[in-house]
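Have a look at the structure below before the remarks.
Numbered from 1 within each chain, the chains take letters A, B, ... in sequence-line order. Quick caveat: nothing in here was measured; it's all calculated off a predicted structure. These numbers come from the heavy atoms of this one structure, side chains and all, not from hydrogens, waters or symmetry mates.
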Amino acid sequence: MDRASTVGQRPSCEAAARGIAMEEVVLPIGEFDLEMTLESGQCFRWRRVGERGYMGVIGRSVIHARHVPMGHGRVGALAVRVVGGTVPDRLEALIVHYFDLARDYPAILRTLRCDQAFARVAPRRAGIHILRQDPFEVIISFIVSANNHIPRIRRILDRLCARYGEEIWTPFGPMYSFPRPEVLAEARLSELRHECGLGYRDQYVRATARAIAEDADFAQWAEWPTSVLRRRLLALEGVGEKVAECILLFGFHRLEAFPVDVWIARAMRALYFPDRMPRVREIQACAAERFGAYAGIAQQYLYAAFRSSGSRKRQPLPGEGAE
DNA sequence: CTCCAGGCATGAG
DNA sequence: CTCATGCATGGA
């Protein structure tokens with residue numbers, strides 16, 4: 001039978017049209033931990049498939065990635081294939097770039113661990129990488145993240161993509177690209193608010209989408225110095241201090257950016273300000289001094305350590321528990 | 001029921 | 001400049 005006819009209305013879905021027998025690319029990954037990275041709160045749209053697998057959208061490609069443990073060695077590998085959408089020319093290069101696999105995270109972690117307080121609570125293994133996500137997706141995602149729970153952020157973004165993104169067929173069901181700025185710019189507020197569940201953030205999302213859609217220079221933002229870019233981000237509706245840092249770190253790969261949320265404030269207080277709650281400015285100055293150009297990576301390890309250990313109530317700090 | 005979530009915009013002092 | 005308050009929503 002004619003396979004292509006089943007997706008005839010969507011000629012762009014080459015991977016789907018050819019079935020899922022796409023070749024699998026296997027990459028060495030060192031200490032990289034796919035699960036920790038994808039569950040670290042920097043991205044919201046990857047979803048678990050099976051035991052060790054994850055599926056997500058990178059650009060117009062749907063990627064399935066799974067961790068492959070290697071024999072008796074400590075390090076494993078990453079098995080990746082395209083299961084929908086556009087087939088990239090060089091899948092391996094795309095994956096190395098997206099997961100930042102070429103960077104020496106273990107060396108960075110060793111440097112960060114020179115700080116004794118950090119070393120006490122940080123993991124020994126550099127499992128979490130900073131992804132190279134699409135800037136616009138990160139901007140909208142973290143506007144949505146403000147004063148919100150991660151599970152709900154996920155649901156809101158899923159609905160946003162299903163409604164305004166483009167459908168990409170996969171054997172696991174439909175996936176969606178992230179909506180383009182021009183599309184969100186035209187969205188109806190009531191639809192954003194009630195159908196997508198954005199609540200009072202409806203206006204922030206649309207206004208920001210409009211600002212970016214109308215800014216012919218947006219593609220150049222990635223070339224701007226961090227301080228200039230930070231200013232520009234803060235001018236977007238719904239983007240404050242914390243969200244701007246998240247966008248710098250997760251959307252523009254500025255590894256010195258240091259988002260301070262409630263968890264990081266608790267962590268930094270516990271580590272460096274035991275007898276008082278410092279201001280955000282102090283926390284950032286402290287982070288810049290101690291973690292320098294890789295403050296953002298330190299932040300991710302701190303966030304992971306404190307978020308997972310925290311169930312609302314007073315808790316022993318990670319590291320001061322069982323010793 | 002209340003409280004909180006990877007905060008922000010706004011207005012008062 | 002700093003500080004307090006309201007805010008949509010839904011899970012705990």
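A heavy atom lying under 4.0 Å from DNA chain B marks the following residues of residues 138-146 of chain A, by number: A:S145, A:A146. Of the residues in residues 192-199 of chain A, those placing a heavy atom less than 4.0 Å from an atom of DNA chain C are A:R193, A:H194, A:G199, in numerical order.
Listed by first and then second residue, the salt bridge (Lys or Arg N to Asp or Glu O under 4.0 Å) pairs involving residues 278-306 of chain A are A:D115-A:R290, A:E241-A:R281, A:R276-A:E282 (not counting sequence neighbours). Screening residues 194-214 of chain A for salt bridge (Lys or Arg N to Asp or Glu O under 4.0 Å) gives A:R193-A:D202 as the qualifying pairs, with residues at least two apart or on separate chains. Residue pairs meeting the salt bridge (Lys or Arg N to Asp or Glu O under 4.0 Å) criterion with at least one partner in residues 147-161 of chain A, sequence neighbours excluded, are A:E39-A:R154. For residues 217-227 of chain A, no residue pair satisfies the salt bridge (Lys or Arg N to Asp or Glu O under 4.0 Å) rule, not counting sequence neighbours.
Remark: A:F99 engages A:F32, A:W46 in a ring-ring contact (aromatic ring centres under 6.0 Å, His included) (not counting sequence neighbours). The ring-ring contact (aromatic ring centres under 6.0 Å, His included) check on A:F218 picks up A:W221, with sequence neighbours excluded. Applying the ring-ring contact (aromatic ring centres under 6.0 Å, His included) criterion to A:Y105, with sequence neighbours excluded, gives A:H129. A:V57 pairs by the side-chain contact (heavy atoms from CB on, under 4.5 Å) definition with A:R45, A:V62, A:I168, A:M175, not counting sequence neighbours.
Among the nucleotides C:dG10, C:dC3, B:dG7, the one closest to the side chain of A:N147 is B:dG7. Nearest nucleotide to the side chain of A:H149, out of B:dC4, B:dG7, C:dT2: B:dC4.
Counting non-hydrogen atoms under 4.0 angstrom, A:Q203 reaches nothing in the nucleic acid.
Within the structure, every side-chain polar atom (N or O) of A:R307 is placed at least 4.0 Å from both OP1 and OP2 of B:dA5. Put simply, A:R155 has no side-chain N or O that comes within less than 4.0 Å of OP1 or OP2 on C:dT9. The shortest distance between the side-chain N/O atoms of A:R281 and the OP1/OP2 oxygens of C:dC1 is not below 4.0 Å.
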- When Watson-Crick pairs (N1 to N3 and N6-O4 or O6-N4) and G-U wobble pairs (N1-O2 and O6-N3) count only below 3.5 Å on both distances, what is the dot-bracket string of DNA chain C, with | for other-strand pairs? |||||||.||||

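For the pair A:K242 NZ and B:dC8 P, the computed distance is 7 Å after rounding to whole Å.
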Report, one pair per line, the protein and nucleotides 9-11 of chain B atoms (nitrogen or oxygen only) whose separation is under 3.5 Å.
unit_1	atom_1	unit_2	atom_2	d
B:dA9	OP1	A:G238	N	2.8

